[in-house]
Amino acid sequence: MMYGSILYNCWAALLGFTVYFFIALQEPYALPVSILISSSIAALIVFVCTFLVRLFLGYVLFTPQEVALQVVMEVDAQQNMTEDVQVPLREQPSTVEFEEDNTEEIAKVVRTMMHKDEQSMPGHV
C-alpha cells in the first residue's frame, strides 16, 4: 500500500524539473532544447523515485487492522479491570445539587447581610 496519491509524484516531478532547469540555465553555452530535454528527463526520474519513496512510507506507516484491533481490545480490557478495582470513597454532590439543597440557608444569610448593611448606614431609610 502506498502513502499519498499520484499528485505527490506530479508535484515532485514539477519541482525536480524546475530545480534542474534553473541549474542548467546558469551554464553560459547551454542550448535551450538540451536544457528542456535534460530537465524533462530529470522530472521523469524524480517522478519514478517518488513512487519508491511513497512505497517505503506506506510500508513504514502501515498498521494491519488485526493488530490495531487486538491492541484496542487489550486496552479496553485493562481499563475495565481498573474500573472494577476502583471503588469510590464517597460520592460528593455536585455544586448544582449543593445549591439546591441549601437555598433556604443561602437566602437567610443574604437577608441578614442586607439587614446589617441597612443598620450600618445611618442616613439610609
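The first residue of the sequence shown is numbered 1, and numbering continues consecutively from there.
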Undergrad: Once you measure the plane-to-plane angle for Phe17 and Phe21, does it fall in the parallel (<30°), tilted (30-60°) or perpendicular (>60°) bin?
TA: parallel
Undergrad: State, yes or no, whether a side-chain contact exists between Val109 and Glu105 at a heavy-atom distance under 4.5 Å.
TA: no
Undergrad: Between Val48 and Phe56, is there a shared hydrophobic cluster once you connect ILVMFWY residues whose side-chain heavy atoms come closer than 4.5 Å?
TA: no
Undergrad: If hydrophobic clusters are built by linking Ile, Leu, Val, Met, Phe, Trp and Tyr wherever their side-chain heavy atoms come under 4.5 Å apart, do Ile6 and Leu55 end up in the same one?
TA: yes
Undergrad: Would a 4.5 Å heavy-atom cut-off, applied to side chains only, mark Ile35 and Leu25 as touching?
TA: yes
Undergrad: Which atom pair, heavy atoms only, marks the closest approach of Thr50 to Ala12?
TA: OG1-CB, 3.2 Å
Undergrad: In Å, rounded to the nearest 0.5 Å, how long is the span from CG of Leu57 to CG of Leu52?
TA: 11.0 Å
Undergrad: Write down the atom of Ala30, the atom of Ala24, and the distance for their closest heavy-atom approach.
TA: CB-O, 3.8 Å
Undergrad: Indicate yes or no for a side-chain donor-acceptor contact from Arg54 to the backbone of Tyr3 under 3.5 Å, with no hydrogens or angles considered.
TA: yes
Undergrad: Determine whether more than 12 heavy atoms belonging to other residues, nucleotides or ligands lie under 6.0 Å from atom CZ of Phe47.
TA: yes
Undergrad: With the 4.5 Å side-chain cut-off for hydrophobic clustering, are Phe62 and Val53 part of the same group?
TA: no
Undergrad: Minimum heavy-atom separation for Leu14 to Thr18, with atom names?
TA: O-OG1, 2.7 Å
Undergrad: Can you find a pair of side-chain heavy atoms, one from Met2 and one from Phe51, that are under 4.5 Å apart?
TA: yes
